[in-house]
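Quick notes on the structure that follows.
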Amino acid sequence: MAQKPNIPKGTRDFSPSEIAKRDYIFGVIKKHFKTFGFQPIETPSFENSETLMGKYGDEGDRLIFKILNSGDFLSKVDEDTYGAKDSKTLTQKISEKALRYDLTVPFARYVVMHQNEIDFPFKRYQIQPVWRADRPQKGRFREFYQCDADVVGSDSLLQEVELIQLYDAVFSDLKMEGVTIKLNNRKILAGIAEVIGAGHLLVDFTVALDKLDKIGVEGVQKEMLAKGISETAIAKAAPLFELSGDNTEQLNSLKELLADSEEGSKGVEELEFIIDAIANLELKSAALKIDVTLARGLNYYTGAIFEVGAPKGVKMGSIGGGGRYDDLTGIFGLKNVSGVGISFGLDRIYLVLEELGLFPETLDRSLDVLCINFGDKEAMTALTLVTQLRNRGVSSDVYPSKAKMQKQMKYANNRKVPYVILIGENEMDTKTFVVKEMASGEQRTFALSDIDGFVKTL
RNA sequence: GUGGUUGUAGCUCAGCUGGUUAGAGCGCUGGAUUGUGGUUCCAGAGGUCGCCGGUUCGAACCCGGUCUUCCACCCCA
């Protein structure tokens, strides 16, 4: 009995028209990565487990796809470990490799391993799939592409400024107008926690704050209280919930609030530098906005934090994110190398472009010219013509069999071929070919010797 | 990991409180039309009703399990 074919949940097949659209996005992103001076690298799909485990927090560890060891792996497990039935301990014994969870940690590993051949500052880009053992839902897959650009070996804030410009350049080029680049700084979050006297609960504090737009002021306060943050501390943080106005006004409020915190003031200073620089340079279509509730990737970010929100009206999680991490390569033994990077979520960008109808129409043109097949003799002449068209870079084909005209025309139609060429008996006699423009239905006749005359009209 | 949701022809979906041979539109194939498609007309093919088990005289429909889809939470691109 034939088995019903299927694919694992959270994975997808990509058909020709989808590939065309994905390639279009990849192309735009890659183009701008290059013009900003980034160089490509690639790393393996799977890494040694110890490279990945513990880098993304407990939640992250759970979402890492583990690869079972080869061979008779269970026989090597001692009775105690096996009998304890503790998944975490057992997993370490039977799985030593895991699928890449993001591109940043493998990149950090790469930098440390190749530090002697790298010229710092090193600007690298990387476009590869990553895997997460997550439950799929809107815009979330178990296999998806990330497009990362990171700079290591420079602590200059100019890098942050450039990365914001890079976001703007890519989304403007994709005609996705109205994206919001949200900006925050880890130092500000730490400063606030310090000022209100909840420094030891920084993570809980920021995680709760991050949910402000989702559960509201009261919800956030409730969660903070539940996490053990005192009422007086929450009361002190009250001005945060009322931050409003443009970036300058928010900066002024933050300056005041964080005046007594050295770290917090440093964060405000950094934020101000970036905001001022971008104000001078001007963005094409994106909006840069301070958002103190932004608290992503707390596990390794130490300075700036970025997140890109889809244009208004599109219900979609963030379509990009990034930030500065001072200590990432430290885990692998290389100290004092600062890095800052951003990521584009290809699959989500795809969904947004689709929803807004922003893909160029020409993308689904996979064949420029199709020659109708009228029989063996005519087909030979057609193939000669097609060969010469191909030599000139025109994608063209001869219908492989002498099917009914209707069928051949229908095929051309479905493939969205803009030009159909007819070479039948009449044309053979007069050494000509007829070109039918499918959109208008108009037909023109060219001499077989005048291929360039036709190519010029394309 | 928690909660909910979905599964019927290649695709999008009907199918009333369980009742005989499970339907439509689109698509596909053939013909009307021997060199003209996207807009006509006629005919035809195509379904273990996700899978396994249970209740019943009888299940696409009810019950249990399982897989899948989509959504929310957690987390995140």
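Below, chains carry the letters A, B, ... as their sequence lines are ordered, and counting in each starts from 1. All values below come from the heavy atoms of this structure, side chains included, with hydrogens, waters and symmetry mates left out.
Atom name P, nucleotides B:C13 and B:U69: the rounded distance is 16 Å, in whole Å. For B:G10 and B:G46, the P atoms lie 11 Å apart once the distance is rounded to whole Å. Taking atom C1' on both B:U68 and B:U5, the two are 12 Å apart, rounded to the nearest angstrom. B:U55 sits 34 Å from B:C11 when the P atoms are compared, rounded to a whole Å. Rounded to whole Å, the separation between the C1' atoms of B:U6 and B:C76 comes to 24 Å. The P atoms of B:A22 and B:C49 are separated by 11 Å, rounded to the nearest whole Å. Taking atom C1' on both nucleotides, B:C57 is separated from B:C70 by 39 Å, rounded to a whole Å. The C1' atoms of B:C26 and B:U66 are separated by 33 Å, rounded to the nearest whole Å.
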Can you give me every donor-acceptor pair (side chain of residues 440-450 of chain A, partner residue at least two apart or in another chain, under 3.5 Å) with its distance?
unit_1   : atom_1 : unit_2   : atom_2 : d
A:Ser440 : OG     : A:Glu442 : N      : 3.2
A:Asp450 : OD1    : A:Gly453 : N      : 3.1

List, one per line, each side-chain donor-acceptor pair under 3.5 Å for residues 342-353 of chain A, sequence neighbours excluded.
unit_1   : atom_1 : unit_2   : atom_2 : d
A:Ser343 : OG     : A:Asp148 : OD1    : 2.7
A:Asp347 : OD1    : A:Tyr145 : N      : 2.9
A:Asp347 : OD2    : A:Arg12  : NH1    : 3.0
A:Asp347 : OD2    : A:Arg12  : NH2    : 2.7
A:Asp347 : OD2    : A:Arg22  : NH1    : 3.0
A:Arg348 : NE     : A:Gly139 : O      : 2.7
A:Arg348 : NH1    : A:Ser318 : O      : 2.9
A:Arg348 : NH2    : A:Gly139 : O      : 3.3

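Using a 4.0 Å heavy-atom criterion, one finds that A:Gly441 contacts the bases of the nucleic acid, with or without backbone contacts as well. At a threshold of 4.0 angstrom between heavy atoms, the contacts of A:Gly424 include nucleobase atoms, whether or not backbone atoms are also involved. Among the protein residues, A:Tyr145 comes within range of no part of the nucleic acid, since none of its heavy atoms lies under 4.0 Å from any strand. In this structure, A:Ser318 reaches the sugar-phosphate backbone alone: every heavy-atom distance under 4.0 Å involves primed, P, OP1 or OP2 atoms, never a base. Using a 4.0 Å heavy-atom criterion, one finds that A:Glu425 contacts the bases of the nucleic acid, with or without backbone contacts as well. A:Lys436 comes within 4.0 angstrom of a nucleotide base, judged by non-hydrogen atoms across all strands. If you check every strand for non-hydrogen atoms under 4.0 Å, A:Glu59 touches a base.
In this structure, A:Ser45 OG and A:Glu143 CD are separated by 9.5 Å, a value rounded to the nearest 0.5 Å.
Taking the six-membered ring where the residue is Trp, A:Tyr24 and A:Phe359 present perpendicular rings, their angle passing 60° and hence far from 30°.
Note: CZ (A:Arg12) to P (B:A77) measures 16 Å, nearest angstrom. Distance NZ (A:Lys315) to C1' (B:C76): 15 Å, rounded to an integer number of Å. One interatomic measurement links the two molecules: CZ of A:Phe171 to P of B:A77, which rounds to 13 Å at whole-angstrom precision. Residue A:Arg62 contributes atom CZ, which lies 11 Å from atom C1' of B:C73 at whole-angstrom precision. Residue A:Met409 contributes atom CE, which lies 14 Å from atom C1' of B:U33 at whole-angstrom precision. In this entry the distance linking CG of A:Asn413 with P of B:U39 reads 8 Å, nearest Å. Note: CD (A:Gln137) to C1' (B:C74) measures 10 Å, nearest angstrom. For the pair A:Arg140 CZ and B:C76 P, the computed distance is 9 Å after rounding to whole Å.
The base-pairing partner of B:G27, taking Watson-Crick or G-U wobble contacts with both distances under 3.5 Å, does not exist among the strands shown. Taking a pair to require two hydrogen-bonding distances under 3.5 Å in either a Watson-Crick or a G-U wobble arrangement, B:A59 remains unpaired.
Side chain of A:Ser95 to main chain of A:Ile67: a donor-acceptor pair is present (N/O by atom type, distance under 3.5 Å, no hydrogens or angles).
Residues meeting the side chain to side chain contact (heavy atoms under 4.5 Å, CB included) test with A:Glu50, sequence neighbours left out: A:Asn48. With sequence neighbours left out, A:Tyr125 forms a side-chain hydrogen bond (donor to acceptor under 3.5 Å, both in side chains) with no residue at all.
Taking each heavy atom of A:Ile196 and A:Ala237 in turn, the nearest pair found is CG2-N, 3.8 Å.
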Test side chain to side chain donor-acceptor pair (under 3.5 Å) on A:Asn184 and A:Tyr301 and set out the steps. CA-CA 11 Å; A:Asn184 195 13; A:Tyr301 292 139; over 6 Å; no
Please step through side chain to side chain donor-acceptor pair (under 3.5 Å) for the pair A:Gln92 and A:Ser49, ending with a clear verdict. CA-CA 8 Å; A:Gln92 288 172 3; A:Ser49 296; over 6 Å; no
Evaluation steps, side chain to side chain contact (heavy atoms under 4.5 Å, CB included), between A:Leu174 and A:Leu358: CA-CA 8 Å; A:Leu174 288 172; A:Leu358 294 176; over 6 Å; no
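Of the two residues contacting RNA chain B, namely A:Gly10 and A:Gly139, the nearest-nucleotide position lying further toward the 5' end is that of A:Gly10. Summary of the strand contacts: A:Glu427 and A:Lys214 both lie near RNA chain B, and taking for each the nucleotide with the nearest heavy atom, the more 5' one is attributed to A:Glu427.
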Give me, pair by pair, the N or O atoms of the protein and of nucleotides 3-6 of chain B that are less than 3.5 Å apart, along with how far apart they are.
unit_1 : atom_1 : unit_2   : atom_2 : d
B:G3   : O6     : A:Arg135 : NH1    : 3.1

Protein and nucleotides 25-31 of chain B: nitrogen or oxygen contacts under 3.5 angstrom:
unit_1 : atom_1 : unit_2   : atom_2 : d
B:C28  : OP2    : A:Lys410 : NZ     : 3.2
B:G31  : OP2    : A:Lys404 : NZ     : 3.0

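Checking the phosphate oxygens (OP1, OP2) of B:U68, a side-chain nitrogen or oxygen of A:Lys9 falls inside 4.0 Å. The phosphate of B:C74 (OP1 or OP2) has a side-chain N or O of A:Lys211 nearer than 4.0 angstrom.
Within the 4.5 Å cutoff, the side chain of A:Leu163 has no heavy atoms near those of the A:Arg324 side chain.
One cannot find a donor-acceptor pair under 3.5 Å joining the base of B:C75 and the side-chain atoms of A:Arg132. No hydrogens or angles were tested; on distance alone, a donor-acceptor pair under 3.5 Å links the side chain of A:Gln443 to the base of B:U36.
Here B:A77 is the nucleotide among B:A77, B:C75, B:G35 with the atom lying nearest to any side-chain atom of A:Phe144.
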